[in-house]
Number of protein chains: 2
Amino acid sequence: MNNIMPKDRQPLATPTPEIYVDSVLFQLIDDELAVLLTQRELDPYKGMWALPGGINAKGETTYDAMQNVLKAKTGIKVAQLGFIEQLYTFDTVTRDPRGHAVSVTYMGLGRGLAPTATPVKRHAQFFPLSQVPDLGFDHNQIITYAHDRLIAKLSYTNAVFALLPSLFTLSQLQAAYEAVLGRTLDKRNFRKKYLSLNLITETSELHMEGAHRPARLYKFNNSSLEYLSRSFD
Amino acid sequence: MNNIMPKDRQPLATPTPEIYVDSVLFQLIDDELAVLLTQRELDPYKGMWALPGGINAKGETTYDAMQNVLKAKTGIKVAQLGFIEQLYTFDTVTRDPRGHAVSVTYMGLGRGLAPTATPVKRHAQFFPLSQVPDLGFDHNQIITYAHDRLIAKLSYTNAVFALLPSLFTLSQLQAAYEAVLGRTLDKRNFRKKYLSLNLITETSELHMEGAHRPARLYKFNNSSLEYLSRSFD
DNA sequence: GCAAAAGTGTTAACTATACACCCATGG
DNA sequence: CCATGGGTGTATAGTTAACACTTTTGC
């Protein structure tokens with residue numbers, strides 16, 4: 001298999017860097033965007049929190065590896081997520097004390113996700129973005145990158161569906177946008193504009209909760225990624 | 001170095017896939033978008049055209065590897081380009097007859113690029129998008145992906161600067177947009193809108209050419225990537 | 001009846017779109 | 001003087017942004 005590769009630069013048995021996968025999973029907790037972290041059991045950065053990640057074995061696609069690693073380290077299955085996509089590939093040559101590796105990262109969205117103890121038995125827990133500690137590797141920067149991508153994605157797709165239950169109120173929808181964007185939006189303008197995009201449909205159901213007027217429940221027309229006719233915010 | 005990696009999945013000496021880099025370089029040729037291809041000298045796909053690519057040696061970042069491979073296979077230096085960014089990372093496990101590899105791809109823009117014969121001595125040549133042949137691997141799809149990214153990029157950044165000379169006419173600017181988008185634009189609306197973005201400044205120079213009124217020359221305020229205040233087209 | 005969140009409309013400013021003719025030059 | 005590409009304005013429709021009060025419920 002290696003007979004077609006130029007050997008002049010690296011005559012070693014493993015001439016290319018190791019491949020890892022890391023995932024940035026977001027969900028809303030109390031109207032705040034939260035990210036899934038695991039506590040490292042081994043050096044480097046033993047005991048510190050980091051993004052759930054692991055090695056990409058030969059024969060696995062990066063997507064397969066991401067699924068396997070997430071399941072093993074957090075108990076979360078990709079099928080539980082509303083959305084996941086490849087984010088970026090980071091070089092770790094200068095930052096990773098282990099040596100030369102490349103990290104293919106994924107960004108995913110879900111709701112009601114509960115990481116569990118697993119065979120590999122690492123601690124795994126969602127942290128609100130405002131409470132993310134200093135992480136191993138340059139994972140803080142990767143989270144910032146993922147958050148920026150998410151903000152952009154919400155402006156030109158219906159990706160927000162993946163953060164919400166299948167039936168939701170317009171206030172919940174607006175709160176999801178506000179949590180991701182980190183700023184408040186005008187209620188009347190938000191509703192007018194979002195309804196004009198024809199992404200959601202009113203249902204006959206009401207959401208009764210608390211000592212106030214019940215709210216109309218809506219649903220998304222598509223629960224797969226759709227591009228908006230005009231961009232939002 | 002490997003002592004911290006779980007060995008249970010792959011006990012081989014090279015447990016992760018090989019890493020390759022491939023580049024999609026665009027420039028304008030006769031007001032048409034063209035992409036740089038090289039002719040393969042080795043199997044697989046010997047003799048076919050493909051994106052310039054090669055192995056990512058351990059110790060090189062993917063960016064370094066991309067620079068080295070481009071220089072070696074086409075004679076083009078990344079410093080000659082106006083813009084380059086990572087595009088996407090493709091799994092090749094199912095499509096690559098060589099076995100399991102992962103390809104980190106880059107997308108770049110330039111002007112006046114002339115690939116040359118090099119020590120590695122592969123044919124390298126720009127093909128107008130309409131004349132790209134069937135390529136090895138799934139490189140046709142990668143070009144389509146890069147083209148889509150470029151269309152998006154032109155709508156929210158000033159990336160078009162990288163396709164133009166430092167002094168250019170509004171007609172050249174419009175032609176660049178039209179070449180990338182694949183459709184014509186209204187001249188008056190294009191000029192009005194582009195000027196309102198405050199990305200370019202009129203110079204005192206005129207472009208005299210042909211039997212017609214000379215054209216005013218403009219320049220970009222920044223020759224690095226800038227995000228637009230409102231999106232274009 | 002009161003506290004809490006749901007729901008609703010109008011106006012003004014801005015942006016996008018459609019569209020046709022005159023200008024300056026070289027040959 | 002003619003062929004060629006450069007350069008310009010207006011009117012309409014659509015979109016965005018700012019802004020405050022009434023409704024329905026549980027307690």
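All heavy atoms count here, side chains included; hydrogens, waters and symmetry mates do not. Note on naming: letters A, B, ... go to the chains in the order of the sequence lines (proteins, then strands), and numbering restarts at 1 for each one.
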- Item | Separation of atom CZ in A:Phe168 from atom C1' in C:dA5, rounded to whole Å | 18 Å
- Is the base of C:dT17 touched by the side chain of B:Lys192 through a donor-acceptor pair closer than 3.5 angstrom? yes
- Query: Using a distance-only test with no angle check, is there a side-chain donor-acceptor pair under 3.5 angstrom linking A:Asn56 and A:Thr62?
  - Reply: no
- A:Arg216 and A:Ser204 side chains, donor-acceptor separation under 3.5 Å: no
- Does OP1 or OP2 of C:dA16 have a side-chain N or O of B:Arg230 closer than 4.0 Å?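 It does, given that an N or O in the side chain of B:Arg230 lies less than 4.0 Å from OP1 or OP2 of C:dA16.
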- Under 4.0 Å between a side-chain N or O of A:Arg191 and OP1 or OP2 of C:dG7? yes
- Members of residues 201-212 of chain A that approach DNA chain D, where some heavy atom sits under 4.0 Å away: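 The answer is A:Gly210, A:Ala211, A:His212.
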- Message: Going 5' to 3' along DNA chain D, which are the first and last nucleotides with any atom under 4.0 Å from a heavy atom of chain A?
- Response: D:dT15 to D:dG26
- Note on the structure: From the list B:Leu113, B:Leu36, B:Val69, side-chain contact (heavy atoms from CB on, under 4.5 Å) partner of B:Thr74 resolves to B:Leu36
- If we fit an axis to the first five pairs and another to the last five of the helix from C:dG1-D:dC27 to C:dG27-D:dC1, what angle do they make, to the nearest 10°? 0°
- Query: Hey, can you pull the residues of residues 170-187 of chain A with a non-hydrogen atom under 4.0 angstrom from DNA chain C?
  - Reply: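 Per residue number, the list reads A:Ser171, A:Lys187.
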- Message: Is there a side-chain contact between B:Tyr218 and B:Leu173 in this structure, where contact means two heavy atoms from C-beta onward sitting under 4.5 Å apart?
- Response: no
- Mind checking whether A:Thr89 and A:Thr105 have side chains closer than 4.5 Å, heavy atoms only?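 A:Thr89 does not reach A:Thr105 side chain to side chain.
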- Message: If you only use heavy atoms from C-beta on, which nucleotide in C:dA18, C:dG7, C:dA24 is closest to the side chain of B:Arg213?
- Response: C:dA24
Please list, one pair per line, the donor and acceptor atoms closer than 3.5 Å that link side chains of residues 207-215 of chain A to other protein atoms, with sequence neighbours excluded.
{"unit_1": "A:His212", "atom_1": "NE2", "unit_2": "A:Glu209", "atom_2": "O", "d": "2.7"}

- Item | Residue of the set B:Lys192, B:Arg191, B:Lys187 for which side-chain hydrogen bond (donor to acceptor under 3.5 Å, both in side chains) holds with B:Asn189 |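 Looking at B:Lys192, B:Arg191, B:Lys187, the match for B:Asn189 under the side-chain hydrogen bond (donor to acceptor under 3.5 Å, both in side chains) is B:Lys192.
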- First of B:Ser231 and A:Leu217 reached from the 5' end of DNA chain C, by closest nucleotide: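 Looking at DNA chain C, the more 5' nearest nucleotide goes with A:Leu217.
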- Task: May I ask you to check whether A:Phe190 and A:Phe232 place their ring centres under 6.0 Å from each other?
- Result: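 Aromatic pair counts; centres sit under 6.0 Å.
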Quick one: side chains of residues 151-169 of chain B, donor-acceptor pairs under 3.5 Å with protein atoms, not counting sequence neighbours, listed by atom name and distance.
{"unit_1": "B:Lys153", "atom_1": "NZ", "unit_2": "B:Glu85", "atom_2": "OE1", "d": "2.9"}
{"unit_1": "B:Lys153", "atom_1": "NZ", "unit_2": "B:Glu85", "atom_2": "OE2", "d": "3.4"}
{"unit_1": "B:Ser155", "atom_1": "OG", "unit_2": "B:Ala152", "atom_2": "O", "d": "2.7"}
{"unit_1": "B:Thr157", "atom_1": "OG1", "unit_2": "B:Lys153", "atom_2": "O", "d": "2.6"}
{"unit_1": "B:Thr157", "atom_1": "OG1", "unit_2": "B:Ala159", "atom_2": "N", "d": "3.0"}
{"unit_1": "B:Asn158", "atom_1": "OD1", "unit_2": "B:Glu226", "atom_2": "N", "d": "2.8"}
{"unit_1": "B:Asn158", "atom_1": "ND2", "unit_2": "B:Ser224", "atom_2": "O", "d": "3.1"}
{"unit_1": "B:Thr169", "atom_1": "OG1", "unit_2": "B:Ser171", "atom_2": "N", "d": "3.4"}
{"unit_1": "B:Thr169", "atom_1": "OG1", "unit_2": "B:Gln172", "atom_2": "N", "d": "3.0"}

